[in-house]
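Read through the structure below, which is laid out as structure tokens, and then see the notes.
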Protein chains: 2
Amino acid sequence: MTPALDNVFAALADPTRRAILAMLLEDDMAVTDVAAPFDMSLAAISKHLVVLSNAGLISQEKRGRVKWCKLEPDAMREASVWMQGFGQFEAVNLDAFERFLEAEIQIGVDIPSGNEQDM
Amino acid sequence: MTPALDNVFAALADPTRRAILAMLLEDDMAVTDVAAPFDMSLAAISKHLVVLSNAGLISQEKRGRVKWCKLEPDAMREASVWMQGFGQFEAVNLDAFERFLEAEIQIGVDIPSGNEQDM
DNA sequence: GGAAACGTCAACCAAATGGTTGAATATCAG
DNA sequence: CTGATATTCAACCATTTGGTTGACGTTTCC
């Protein structure tokens, strides 16, 4: 079971943790390197990483003495889906639809234009 | 300025508050009516509503002795945008696309099944 | 083997969170 | 005016959170 939305949102509520996620977006990182830019003890960062890990937002794998941190998109996607299911999202759905078309253009589906709602 | 992501995500981290948002999705509600389904004091719900309000997720307008609570999509959309900007989102686009199809079912396109992820 | 690097653990602390109860404040209805 | 309804306020409490420091266990390197 993926971790509860509680954990995901709680993990995302901290700016340090969001910054860490943004860093991991670029590449996997060792704990020490994650901690480097922050004005905070290594132990504190280690705790933040535990929180992110419990939320399923990252995974950690130890190789030798180095523990590598890796972004795990699924948890955040689940949170995003909860939001999507939320209603205000005509705009976002439309937007997602457009992104979908751009990203997957080669699928070649043809959307009959008569059914479109106004935008 | 819209409230910080900190506040939005923190507000979303509580299941009671998420349930309240889901209720407000259906319709605007008075505080007392929001509180009704919960096994919790009215004061507690009132506090939750303050949290949601500070996060910008709802607005409250007092008319007479009744304070009406209304969903405010912007804050959540901003959080969603933060997530979207995050990178992992081919998957979410797909999901949004499927939702789009469900909502607009009469389009009748055929989704290639190779892209599905298990949940 | 011994020292340095990597990371966590344990104890501690201050502040925030989520709940309670009871009193207080408005507003409406008769 | 009186009483009921709607909501918040204030004080309190237990738990969680986000940080610190110092000791500890591993792994690597010479």
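Chain identifiers are assigned alphabetically (A, B, ...) following the order of the sequence lines, protein sequences preceding nucleic acid strands; residue numbering begins at 1 within each chain.
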Report the residues that fulfil side-chain contact (heavy atoms from CB on, under 4.5 Å) with A:Ala44, sequence neighbours left out, ordered by chain and then residue number. A:Met40, A:Ser41
Of all residues at least two apart in sequence or in a different chain, which pass the side-chain contact (heavy atoms from CB on, under 4.5 Å) check with B:Ala10? A:Ala13
Minimum heavy-atom separation for B:Pro15 and A:Asp6, please, with both atom names.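 Heavy atoms only, the tightest pair is CD-OD2, 3.1 Å.
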Of all heavy-atom pairs linking B:Ala55 and B:Ala11, the shortest is CB-CB, 3.7 Å
Shared ILVMFWY cluster between [X] and [Y], side chains joined below 4.5 angstrom?
X	Y	result
A:Leu25	A:Leu12	yes
B:Leu24	B:Leu57	yes
A:Ile58	A:Leu5	yes

Within residues 7-29 of chain A or reaching into it, pairs that qualify as ring-ring contact (aromatic ring centres under 6.0 Å, His included) - sequence neighbours excluded: A:Phe9-A:Trp82
Restricting to pairs with a member in residues 59-68 of chain B, which pass side chain to side chain donor-acceptor pair (under 3.5 Å), not counting sequence neighbours? B:Ser59-B:Glu72, B:Glu61-B:Arg63
Can you tell me the distance, in whole Å, between the [atom1] atom of [X] and the [atom2] atom of [N]?
X	N	atom1	atom2	answer
B:Phe38	C:dG19	CZ	P	10 Å
A:Asp14	C:dA15	CG	P	17 Å
A:Lys47	C:dT8	NZ	P	12 Å
A:Leu42	C:dT8	CG	P	7 Å

Sorted by number, the residues of residues 26-35 of chain A with heavy-atom contact under 4.0 Å to DNA chain D: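 The answer is none.
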Close approaches to DNA chain D from residues 61-69 of chain A, in residue order (heavy atom, under 4.0 Å):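 Those residues whose heavy atoms fall under 4.0 Å from DNA chain D, taken from residues 61-69 of chain A in numerical order, are A:Gly64, A:Arg65.
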To the side chain of A:Gln60, which of C:dT21, C:dG18, C:dT8 is closest?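 Nearest to the side chain of A:Gln60 among the choices is C:dT8.
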Range on DNA chain D touched by chain A, heavy atoms, distance below 4.0 Å: D:dG18 to D:dT28
Separation between [atom1] of [X] and [atom2] of [Y], rounded to the nearest 0.5 Å:
X	Y	atom1	atom2	value
A:Thr16	A:Arg18	OG1	CZ	9.0 Å
A:Leu42	A:Lys47	CG	NZ	12.0 Å
A:Leu52	A:Met76	CG	CE	10.0 Å

Specify the angle, to 10°, made by the local axes at the two ends of the helix from C:dG1-D:dC30 to C:dG30-D:dC1 when five pairs are taken at each end.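 Here the helix ends are tilted 20° relative to one another.
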Validation: residues 28-38 of chain A side-chain donor-acceptor distances under 3.5 Å, sequence neighbours left out:
none

